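Working notes, beginning with the structure itself.
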Amino acid sequence: MDATVREVLPTQSAISVGMREIEELRRKSIENTELFWEPVANELFWYEKKGALFDKHEKPPYGGWFENWKTNLCFNAVDRWAQSSRKNKVAFFWEGEPGDRKALTYNELYREVNRMASALLRLGVSDGDRVTIYMPMIPELVISLLACARIGAIHSVVFAGFTSQALADRVNDSKSKVLITADGGWRRGKIIELKKIADDALKQCPSVQKVIVAKRTGQEIDMEAYRDMWYDELLKGADSRVRPVPLPGNHPSYILYTSGTTGKPKGAVHSTGGYMLWAYYTQKAVFDIRDEDIYWCTADVGWVTGHTYVVYGPLLTGATSLIYEGAPDFPEPDRWWKLIEEYGVTILYTAPTAIRSFMKFGEHWPGKHDLSSLRLLGTVGEPINPEAWNWYYRTIGGSRCQIVDTWWQTETGGIMISPQTGITQIPLKPGSASVPLPGVDAHIVDENGHELPANRKGFLVIGHPWPGQFMALWGDRERFESVYFKRFPGSYYAADYAMKDHDGYFWLLGRADEVLKIAGHRIGTIELEDALIVHPSVAESAVIGKFDEIKGESPVAFVVLRPGHDPSPALRRELLDHVRNSMGPIAVPGALYFVEKLPKTRSGKIMRRLIRAVVEEKTLGDVSTLEDATSIDEAEKAYRELQKEIRRES
Ligand code: ATP
Ligand code: MG
């Protein structure tokens, strides 16, 4: 372990003070749900508060929030500030990839959202209708989400990197009436022809009656008469005031399809009241967001992180954020660091995959910029290996900023396990997401659902319902119950493998269905991957299990080397020895391949499922659900490249 990691490792006494405080809050929140959440709910606006804020249900998800209360997400996110002294505070600084800039105050955002809401109403969209949004990261995207929320329409955002087939599948699943898109979007200096892709998709989407097109790139596009209209023209005649619709707490606010790392995407449906409370509370508890902050969550609004921590969370807390449209390494690998310097960003929230790719570019890129405005760093999406944690802490945070490693899922609506700088400081352990938030009844259980003692690996489940929980999978009650609630009745099954240590810190070890079972031992993919990444030659790694007659399963490792290191039989031996020394002989991979890059989902997560298909010599046809999750072309390309590498190696 190197010096920096040791510096931030906690002392026992520091752990017990912070932990006691957090555990006490958490106990209260679960034992006395009403009493705990009522004052938090009162910080938000409700049209009506009838009855209990939480009701137990017999059936999954075993509870509902604010079912007889009425509110409006958009009112809370926008109007509340537009009517206050925050009126002229910037809600968003926006920068496009080519360098164009915009800033929207809360009052300006209010006006724009009202106009868009009015336009949607005129198109016949009303409360409960679905609207699919397929847009680049431009202000119109945020405005569109909020306009839907204002009138009670259910938005379904589809990531703008998805293919026409993936878009069509999601539009058809939700039976959206309207599609909001743009002519195109910028990515690494090139235009992504969104409207063209959407036109292609819409050939298969009978439910869509109207298409709204924002002008971003300005290239020629086809506009279909009576169906398609320009965003700007539509808004010209729109009203500048639309009354927000008071909605019950359990009104669906949006559908979001999971990123699809493991299988066919699931349309998670979120509530209005509970989701709002959770986005608001977690934004404050985890990030301790303040008026003077310039907060930047780098996620695309196409993912849940973008919904909760680019749009709803920061707006519900009246914060000022930065939104950036383009690629992190365009025109050069210091674009992000330049943005942080120029806007004075104080909080940065990103993903381990991004951190690892910046590590590969080298320290001289961030070194060119003054990053001293930063005070807090966050990560989400995958476990962060201590190497990357350390680099983030030292190189980006100047060994000065806390890191909040946040574990959560599309289904949970917001952060569940994380340091909570807005509540108290607890010492950090690199690689651990630390402790559950108030309201989060997290446990580690064995196969039979029995709670495991400290330091034993098992399945992560959530007992008592929490406010941000999803309400359903769109149109699929059976799958909702069987995927999440059947395995451990009475609890939500997160499908992640994890461990809680003696101090109560949670360590996420990978997906439960990817756990390796070697000679009776269970090893999380992350445990082996981390062991490899610690070696100075390794930039990234992915490990999967392959059937083995003797051991049950044998690990197969894929390794991407850092620049300056070349694949060789000697290096392979060295890496295998390195795993033997750190994890013991049973964990030593039966095969280790050097590859140029690892296949990832569009949200940047390693697709071990795809790697397994290659290793098991299955064709991609066997994993046809992939095409929902990522561009099939890209998956096939990654598949062929891996095959080629394996052949070259053996
Ligand atoms: P699908 O459910 O369709 O397979 P997905 O699980 O990748 O897709 P998300 O909801 O975006 O879709 O991701 C949630 C998952 O990401 C978690 O279940 C966990 O495996 C992983 N994850 C997220 N944050 C962290 C973190 N801080 N530490 C460890 N793992 C994390
Ligand atoms: Mg998942």
Side-chain angles (χ1 to χ4, degrees), residues 157 159 162 166 169-170 256-268 270 282 286 297 299-309 349-355 377-386 388-389 392 403-419 428-437 440 442 459-462 468-470 473 476 479-480 483-484 492-499 505-515 524-527 529-530 599-610 623 625-630:
V157 180
F159 175 55
F162 276 141
D169 290 346
R170 287 159 174 77
L256 183 62
Y257 294 86
T258 58
S259 69
T261 310
T262 49
K264 188 178 183 297
K266 305 168 281 257
H270 278 286
T282 54
V286 173
C297 167
D300 194 286
V301 174
W303 314 120
V304 74
T305 308
H307 280 59
T308 308
Y309 300 109
Y349 188 30
T350 190
T353 179
I355 298 167
L377 306 173
T379 78
V380 61
E382 285 181 297
I384 177 161
N385 51 295
W389 194 101
Y392 197 29
I403 295 186
V404 291
D405 175 358
T406 63
W407 175 86
W408 59 295
Q409 308 176 302
T410 307
E411 297 88 340
T412 70
I415 296 167
M416 302 287 275
I417 302 180
S418 164
L428 305 174
K429 298 193 190 193
S432 162
S434 83
V435 293
L437 266 78
V440 178
F459 305 98
L460 176 60
V461 300
I462 316 290
Q469 68 189 12
F470 68 143
L473 287 184
D476 202 341
R479 196 169 175 213
F480 176 61
V483 172
Y484 303 103
Y492 165 80
Y493 173 45
D496 275 343
Y497 200 57
M499 186 189 87
Y505 282 55
F506 282 69
W507 298 80
L508 279 301
L509 303 174
R511 288 159 197 279
D513 58 358
E514 290 172 349
V515 165
T525 46
I526 298 309
E527 297 180 78
E529 289 163 8
D530 276 4
K600 293 188 182 162
T601 62
R602 288 308 185 90
S603 57
K605 298 180 186 200
I606 298 171
M607 287 190 89
R608 296 181 194 79
R609 195 165 53 92
L610 175 71
V623 270
T625 49
L626 256 179
E627 74 190 275
D628 292 331
T630 178

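We count ligands from 1, going down the list as the structure has it; atoms in each ligand are counted the same way. This structure is a prediction, so every number in the text was calculated from the model and none was measured.
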Looking at ligand 1, would Thr406 count as a contact under a 4.0 Å heavy-atom criterion?
yes
For ligand 1, which is the ligand I care about here, please tell me if Gly381 has any N or O atom under 3.5 Å from one of the ligand's N or O atoms.
yes
Rounded distance (nearest 0.5 Å) linking atom CG of Leu473 with atom OH of Tyr257:
9.5 Å
What are the atoms of ligand 1, with element, lying closer than 4.0 Å to any heavy atom of Leu508?
29 (C)
What part of Thr410, side chain from CB on, backbone N/CA/C/O, both or neither, has a heavy atom under 4.0 Å from ligand 1?
both
Looking only at heavy atoms, is any part of Ile384 under 4.0 Å from ligand 1, and if so is it the side chain, the backbone, or both, or is it neither?
neither
Any atoms of ligand 1 less than 4.0 Å from a non-hydrogen atom of Asp496? List them with their elements.
17 (C), 18 (O), 19 (C), 20 (O)
What part of Pro383, side chain from CB on, backbone N/CA/C/O, both or neither, has a heavy atom under 4.0 Å from ligand 1?
both
Between OG1 of Thr305 and CD1 of Ile415, what distance do you get to the nearest 0.5 Å?
8.5 Å
Give a yes or no answer on whether the side chain of Tyr309 reaches the backbone of Ala299 with a donor-acceptor pair at less than 3.5 Å.
no
Out of Met607, Glu411, Arg609, Lys605, indicate the one that has the non-hydrogen atom closest to atom 16 (O) of ligand 1.
Lys605
When you compare the side chain of Ile526 with that of Leu508, does any pair of heavy atoms fall below 4.5 Å?
no
Min over Gln409, Arg511, Glu382 of heavy-atom distance to atom 6 (O) of ligand 1 lands on Arg511
Mind checking whether Phe506 and Met416 have side chains closer than 4.5 Å, heavy atoms only?
no
Strictly distance-based, threshold 3.5 Å: is any side-chain N or O of His307 a donor or acceptor partner for the main-chain N or O of Val301?
yes
Interfacing atoms of ligand 1 (cut-off 4.0 Å, heavy-atom, Asp405):
26 (C), 27 (N)
Test your reading of the model: is there a side-chain donor-acceptor pair from Lys605 to the backbone of Glu382, 3.5 Å cut-off?
no
Check Trp408 against ligand 1 and report side chain, backbone, both or neither, counting heavy atoms closer than 4.0 Å.
backbone
Tell me yes or no: between the side chains of Gln469 and Tyr484, is some donor less than 3.5 Å from an acceptor?
no
